Every structure is written in C-alpha cells, then in structure tokens.
There are 2 protein chains.
Amino acid sequence: MKKSGEIINKLSEQGYRLTPQRMMILSAIEDGEGHISAEEIYAQVAAKYSRVNISTVYRTLELLKRLGLVTETDLGDGRLRYHPVGKGHHHHLVCTECGAIVDLGESVLSPVKDVLLREYGFIADLRHLAIFGRCANCSK
Amino acid sequence: MKKSGEIINKLSEQGYRLTPQRMMILSAIEDGEGHISAEEIYAQVAAKYSRVNISTVYRTLELLKRLGLVTETDLGDGRLRYHPVGKGHHHHLVCTECGAIVDLGESVLSPVKDVLLREYGFIADLRHLAIFGRCANCSK
DNA sequence: ATTCTTATTGAAACTAAGTGCATCTATAAA
DNA sequence: TTTATAGATGCACTTAGTTTCAATAAGAAT
Ligand SMILES: [Mn+2]
Ligand SMILES: [Mn+2]
Ligand SMILES: [Zn+2]
Ligand SMILES: [Zn+2]
C-alpha cells in the first residue's frame, strides 16, 4: 500500500495538502495494474474509510491529471480509466466489434508527437491513448 | 435543408426505417459546419417538431456511428461532437490550457493507420480525432 | 499547544448520455 | 387499401461525472 511516494512528494512540493483521502486514493491508483476506474478507486477507499465521498475521488483525479501525474483514457466501456504515468507509457488498440484490447508500444505514436511539435509547436499528450477500430479477427 | 441524400440512401438500403425524426436529425447534422452536439441537434429538430425526444437523437447518432456515417469526437468541452464523414476527414489539436483548436490534415495520422494495419491487421478509425496537449503559445 | 487562513471535503443538485419497456408506426404482405 | 409486424419512439429512470456551497481540517504562524 505504499510507493505513492513519487506522487506524494510532487503534491507536497506544489503546496497541495496531503489529506488522508488523497493518500488512500493514491494508494488505490498505484496498486493494481493501472486501468482503474473512479468507481473502483472509490470502492477501495470506502472499504477503509466509509465517510469518503466519490466527488473527492473525481476531484483528486482531476488534480492528478492536471499535474501530469496520471493519464485518463477511454477504453470503450462506459467509464474512464486512470493510469499512473510513473508506470510507463503505452497505448491500446480497442476493437469496437468484439471489445478486444491489444497493447501497443509507445513508439507507434512518437513520430506523430515529433511532427506536431516541429510543424505546429504543439506538445501533444500522447502517453496513454486508446485507438478504436476493428481487429484482425473481426475484419476478415 | 437537403443533401442528406447520401446518408438517407444508405439507411434505406440497409433496411432502416426513414422516420421523420431521423430525417430531421440528418438535416441538422448535414447543415452547419460539423462539430454539432446532440443537444444542438435536438434543439434544431424540436424547433420544428416539438414532440421529439432527445433519446431519439442519441439513438440515431449511435446508429449513424455504427454504420460509419458520422464520426463522434470529444473536443474537450463537456459534450461529444458529431461530423458527417461525407464532408471529409481531418483532425484537431486541442490546447488544454487555453482551449484553442487547430485544424489538422488527414495526412498526419495516415502513417499510423498504415502501420497499425500492416503490423496488427487493425483497421483504425482515425477519421476525426482530437489530440490534446499544449499549443505553441501556452508552452512558451 | 493554540490560533489562523484557506484549501479541501461532503452533501446535494445538476448535466450529458444511455437503458428498459410499453406504445406507436414505417414498411411490406395480403 | 387494409392489415400485420418488427423496428423505432417517447417517457421515465439510471449512470458517470461536474458543480455549488457551507462545514471541516491541513499546514503555517505564533
Ligand atoms: Mn494501458
Ligand atoms: Mn472537425
Ligand atoms: Zn475484434
Ligand atoms: Zn493554448
């Protein structure tokens, strides 16, 4: 239930308060395999501290997003998924027909990132993207 | 208020019923500049036929999406935006700091589309993407 | 340890979008 | 033209996420 040290330090440095709610939310995000939803985070936190409110979870996720500490990704089921950036960057191919999710290295999109920076001066946030389409099985 | 012919034919061919609601929803989508929201479509249709229900708008959009006739894109404000594919493919850079939206040709992402098809057999739906990040102004 | 300031929280209202179900109607068959 | 029927609609309800605001408490100052 530890190892949120990296994020905690960042929050503290930037003057954000380290509330018990935030600590528990961070633990929930750092444990597990990533791709956790707000509702799942809430369930984990509420199990230990039932007075927590889910809007606090949403607000904390918003903060972590804004500070660039977690990525938010729509993987096609009805809820957004969160991933700590410290755990590495990658992408996903999501089949809209069968729901299959294939993992994808960071390299596929780095050329795009480079082009956008060079030609538009735009720093694209391409750290955990879901690309929708039809997988090999479903398109034959 | 016409020119929805292309989509109407497709619907009819595929055995979907041409209800007055659908016709009016199609008109709303084809008129204007694209980037229309469900609520805006509803407002336009309701002005002429006040008994329409917004769930019909959502269901029609779902259908048109599934048939590949319109694209659905999150441009960063709280509502999804719809664009008829017949009006051409392009993308957008969305600055999460100032909200600026820059248009982007189709070509920037076609190499990605090709790589995904070649290496994964995945037919990526990259027809109207919004890429988030920080624009030139906001990052200096 | 106590007080102060202000960020953060919980509660509840609110929004965009999706769903279940009874009713209705576009279309094809008679 | 009338009838039959499966698809589409309207309505009420649900869900994920956001916002407002009064109450609370983290962290700094004393
Ligand atoms: Mn992932
Ligand atoms: Mn566009
Ligand atoms: Zn598939
Ligand atoms: Zn900007």
Side-chain angles (χ1 to χ4, degrees), chain A residues 7-26 28-29 35-43 45-46 48-67 70-82 96 99 130, chain B residues 7-26 28-29 35-46 48-67 69-82 96 99 130:
Chain A
I7 295 183
I8 291 175
N9 290 343
K10 205 103 177 189
L11 286 180
S12 187
E13 283 168 22
Q14 309 228 5
Y16 293 99
R17 294 181 184 173
L18 301 181
T19 68
Q21 291 91 332
R22 279 182 179 163
M23 304 294 268
M24 299 172 91
I25 290 167
L26 289 176
I29 295 173
H35 300 168
I36 195 171
S37 70
E39 199 72 42
E40 288 164 357
I41 293 169
Y42 171 72
V45 174
K48 301 229 156 190
Y49 177 70
S50 64
R51 277 164 298 182
V52 74
N53 191 278
I54 196 163
S55 61
T56 299
V57 174
Y58 283 114
R59 279 186 290 231
T60 301
L61 289 170
E62 170 65 30
L63 173 64
L64 297 175
K65 244 189 303 174
R66 190 155 34 84
L67 297 180
V70 307
T71 56
E72 178 187 71
T73 309
D74 173 16
L75 288 175
D77 62 338
R79 34 188 68 185
L80 296 170
R81 303 274 162 180
Y82 300 88
T96 49
Chain B
I7 295 184
I8 290 176
N9 290 342
K10 205 101 176 190
L11 286 180
S12 186
E13 284 168 21
Q14 308 230 7
Y16 293 98
R17 296 184 181 168
L18 300 182
T19 67
Q21 290 91 332
R22 279 181 180 164
M23 305 294 269
M24 298 172 92
I25 291 168
L26 289 177
I29 295 173
H35 301 168
I36 194 171
S37 72
E39 199 73 43
E40 288 164 356
I41 293 169
Y42 171 72
Q44 281 192 40
V45 174
K48 300 230 156 190
Y49 177 70
S50 64
R51 279 164 296 184
V52 75
N53 192 276
I54 194 163
S55 61
T56 299
V57 174
Y58 283 115
R59 279 187 288 232
T60 300
L61 288 170
E62 170 64 31
L63 173 64
L64 297 175
K65 244 190 301 174
R66 190 155 35 83
L67 297 180
L69 299 173
V70 307
T71 57
E72 178 187 72
T73 309
D74 172 17
L75 287 175
D77 62 337
R79 35 190 68 186
L80 296 170
R81 302 275 162 180
Y82 299 88
T96 49

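Computed from a predicted model, the values in this text were never measured in an experiment. Both backbone and side-chain heavy atoms feed into the values below; hydrogens, waters and symmetry mates do not. Below, chains carry the letters A, B, ... as their sequence lines are ordered, and counting in each starts from 1.
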Rounded off to whole Å, could you give me the CG-to-P distance for the Leu80(A) and dT15(D) pair? 17 Å
Taking side-chain hydrogen bond (donor to acceptor under 3.5 Å, both in side chains) as the cut-off, I'd like each qualifying pair that reaches into residues 12-21 of chain B, sequence neighbours left out, listed once. none
The correct set of residues in residues 10-21 of chain A placing a heavy atom under 4.0 Å from DNA chain C is Tyr16(A), Arg17(A), Thr19(A), Gln21(A)
Salt-bridge present (Arg66(A), Glu72(A); N to O < 4.0 Å): no
Students often get this wrong, so: under 4.0 angstrom with heavy atoms, is Tyr49(A) touching a base, only sugar-phosphate, or nothing? sugar-phosphate
Applying side-chain contact (heavy atoms from CB on, under 4.5 Å), can you list everything that pairs with Ala130(A), at least two apart in sequence or on another chain? Thr73(A), Leu75(A), Val94(A), Phe132(A)
Between Leu64(A) and Ile29(A), is there a side-chain heavy-atom distance shorter than 4.5 Å? yes
When you check the gap from the basic side-chain N to the acidic O, do Lys65(A) and Glu62(A) get nearer than 4.0 Å? yes
When all nucleic acid strands are considered with a 4.0 Å heavy-atom cut-off, which category describes Tyr42(B): base, sugar-phosphate, or nothing? nothing
Protein-nucleotide distance (Asp74(A), atom CG; dG18(C), atom P), rounded to Å: 11 Å
Residues passing the side-chain contact (heavy atoms from CB on, under 4.5 Å) test with Glu39(A), sequence neighbours excluded, are Ser37(A), Tyr42(A), Ile54(A), Arg79(A)
Step-by-step side chain to side chain contact (heavy atoms under 4.5 Å, CB included) determination, Val45(A) to Thr56(A): CA-CA 11 Å; Val45(A) 174; Thr56(A) 299; over 6 Å; no
Over how many whole Å does the gap from Arg22(A) atom CZ to dT8(C) atom C1' extend? 6 Å
Sequence neighbours excluded, the answer for side-chain hydrogen bond (donor to acceptor under 3.5 Å, both in side chains) partners of Lys10(B) is none
Can you list, in residue-number order, the parts of residues 51-64 of chain B that come under 4.0 Å of DNA chain C, counting heavy atoms only? Ser55(B), Tyr58(B), Arg59(B)
Could you state the atom-to-atom distance from CD1 of Ile8(B) to C1' of dA26(C) in whole Å? 15 Å
